[in-house]
Amino acid sequence: YCGSGRAGKFPPFQRFAAAHTVSCPTRRRGMLTTYVCSIALETLYRMLRFRSYIPSIPYGEVLIFCIASAPLVLAHRSKGLHDAIGDILSLLFTPRIPGADQLLKRLSVVQPKGWKLAATKIALVSVWSFTIGYVFQAVIGSLSSWSKLMRQPRKIKNYLINAYNLKFAMFLATFAGGYKAMNSILHALPVSRNVRILLAAAVAGLSMGTIRSTTIALYALTKAIDVMYCDAAKRGLVWRWYYGDVILYSIATALIFHCMFFESHNLRPAYIDFLDRLTGKRIREINYRRIDAFGTQASRWWTAERTDRD
């Protein structure tokens, strides 16, 4: 029974279902469920690929983000996205640059439908998104290493000026600017508004190629599925279940913790390090070579340098 892995899934399912129900308000509970489900999807893909059930997909995160961007942007433009993702899209697509409104008003009077007005809107959105992305990533990187910066203040320039900040800023700039550009081009074609938004957002999703983040792509995908399900529930096409997020969270967490102890090599390394810090590095005290008897290669990731106990 234990060899099948079910014994490692059921206890976490019970405990996290109870904890998730009583600890989180409804909105935060949904956001946490979306994030954990995105990690579980990546873990499941790693497990299937490790067993050679599915092949590796080149630029898979780019394809996923293109697919996920379309329904998310459509929901946002249709005023149906009232959460953190909707706030982020509003921030990216609405540049708050001093003097930008006056410039656009002047151009709209001179040439209401000219290419200069469209090009100016694209440039403003791109510059604004680039600035937002760079500042956000620089601040997050600095705050996450605050203790190190307090000991070595000179290293702050390494967090303010680095390649990843630039890539993240380029990702947001090409996404927002690419959407505006593609939307302007599709205005000349006889297509409906919703089709135009879907196509423009899908093409803008190619911006994921600048950063190649599986985390962002899978989170966008799970959020897109959530948005489409909620829309279908409002239309009466599917049934609505109040505690559905609790069940999804429990299943996802059970899968992650099963992988943590039985198949650590199939879990995202950054998440293993997070759980290791969260438990005070007690996870590495487990003798994973004993668990190898179940045939899951539990000790594969925990090399002699990583573990403190044999």
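All values below come from the heavy atoms of this structure, side chains included, with hydrogens, waters and symmetry mates left out.
Between Ile256 and Tyr271, the shortest heavy-atom distance links the atoms CG2-CE2, 3.5 Å. Nearest heavy-atom pair across Ala84 and Met31 is CB-CE, 4.1 Å. Taking every heavy atom of both residues into account, Val191 and Val195 meet most closely at CB-CG1, 4.3 Å. For Leu81 against Leu89, the heavy-atom pair with the smallest separation is CD2-CD1, 4.1 Å. Taking all atoms of both residues into account, the shortest heavy-atom contact from Asp292 to Gln297 is OD1-C, 3.3 Å. Heavy-atom minimum distance, Leu92 versus Val125: O-CG1, 3.6 Å.
With contacts defined as side-chain heavy-atom distances shorter than 4.5 Å, the pair Ile132/Trp128 qualifies. The shortest distance between side-chain heavy atoms of Ser299 and Ile291 does not fall below 4.5 Å. The shortest side-chain heavy-atom distance between Leu166 and Phe130 falls under the 4.5 Å cut-off.
Residues satisfying the side-chain contact (heavy atoms from CB on, under 4.5 Å) criterion with Met182, sequence neighbours excluded, are Leu186, Ala200, Val203.
Contacts classified as ring pair (Phe, Tyr, Trp, His ring centres under 6.0 Å) and involving residues 191-239 (residues at least two apart or in different chains) are given here: Trp239-Trp241. Screening residues 225-235 for salt bridge (Lys or Arg N to Asp or Glu O under 4.0 Å), with sequence neighbours left out, gives Lys223-Asp226, Asp231-Arg235. Residue pairs satisfying the salt bridge (Lys or Arg N to Asp or Glu O under 4.0 Å) criterion with at least one member in residues 253-267, sequence neighbours excluded, are listed as follows: Arg51-Glu263.
Side-chain atoms of Asn165 never come within 3.5 Å of backbone atoms of Val135 as a donor-acceptor pair (strictly under, hydrogens ignored). Between the side chain of Thr94 and the main chain of Leu91, no donor-acceptor pair closer than 3.5 Å is present. Looking only at distances, no side-chain donor or acceptor of Ser69 sits under 3.5 Å from a matching main-chain atom of Ala202. No donor-acceptor pair closer than 3.5 Å links the side chain of Tyr288 to the backbone N or O of Ser264. Side-chain atoms of His265 never come within 3.5 Å of backbone atoms of Ala298 as a donor-acceptor pair (strictly under, hydrogens ignored). Although no hydrogens or angles enter the test, the distance criterion places no donor-acceptor pair under 3.5 Å between the side chain of Ser78 and the main chain of Ala75.
Using cut-offs of 30° and 60° on the angle between ring planes, the pair Phe261 and Phe257 is tilted.
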Counting only pairs under 3.5 Å, give me each side-chain donor-acceptor contact of residues 38-48, with atom names and distances, residues two or more places apart or in other chains.
| from | atom 1 | to | atom 2 | distance (Å) |
| --- | --- | --- | --- | --- |
| Ser38 | OG | Tyr35 | O | 2.4 |
| Glu42 | OE1 | Arg268 | NE | 2.9 |
| Glu42 | OE1 | Arg268 | NH2 | 2.5 |
| Glu42 | OE2 | Arg46 | NE | 3.4 |
| Glu42 | OE2 | Arg46 | NH2 | 3.2 |
| Thr43 | OG1 | Ile39 | O | 2.8 |
| Tyr45 | OH | Ile57 | N | 3.4 |

Counting only pairs under 3.5 Å, give me each side-chain donor-acceptor contact of residues 168-177, with atom names and distances, residues two or more places apart or in other chains.
| from | atom 1 | to | atom 2 | distance (Å) |
| --- | --- | --- | --- | --- |
| Thr174 | OG1 | Met170 | O | 2.7 |
| Thr174 | OG1 | Phe171 | O | 3.1 |

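With rounding to the nearest 0.5 angstrom, the CG atom of Asp273 is 9.5 Å from the NZ atom of Lys281. How far CG of Leu74 is from CG of Leu198: 4.5 Å, rounded to the nearest 0.5 Å. Interatomic distance, CG of Leu199 versus CZ of Arg196, reported as 10.0 Å (0.5 Å rounding). Distance check, rounded to the nearest 0.5 Å: OG of Ser126 to NZ of Lys121 gives 13.5 Å. Here the NE2 atom belonging to His76 is positioned 11.0 Å from the CD1 atom belonging to Ile88, to the nearest 0.5 angstrom. Taking NZ of Lys167 as the start and OG of Ser213 as the end, the distance is 11.5 Å to the nearest 0.5 Å.
Leu278 and Trp301 fall within the same hydrophobic cluster, defined by Ile, Leu, Val, Met, Phe, Trp and Tyr side-chain heavy atoms under 4.5 Å apart, directly or through other members. Note: the hydrophobic cluster containing Ile85 also contains Ile216 (ILVMFWY, side chain heavy atoms under 4.5 Å, direct or indirect links). Ile283 is connected to Ile272 through a chain of hydrophobic side-chain contacts under 4.5 Å among Ile, Leu, Val, Met, Phe, Trp and Tyr, so both are in one cluster. One hydrophobic cluster, built from ILVMFWY side chains closer than 4.5 Å, cannot hold both Phe65 and Leu218; they sit in different ones. Cluster membership check: Met208 shares its hydrophobic cluster with Tyr164, using side-chain heavy-atom separations under 4.5 Å among Ile, Leu, Val, Met, Phe, Trp and Tyr.
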Using the side chain to side chain contact (heavy atoms under 4.5 Å, CB included) rule, take Arg290 and Asn287 through it: C-alpha gap first, then chi angles, then the decisive distance, then the call.
CA-CA 6 Å; Arg290 293 293 183 90; Asn287 191 339; 3.6 Å; yes

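More than 12 heavy atoms of other shown residues, nucleotides or ligands fall within 6.0 angstrom of atom CZ in Arg193.
Screening Ile286, Asp276, Leu275 for a side chain to side chain contact (heavy atoms under 4.5 Å, CB included) involving Met260 leaves a single residue, Leu275.
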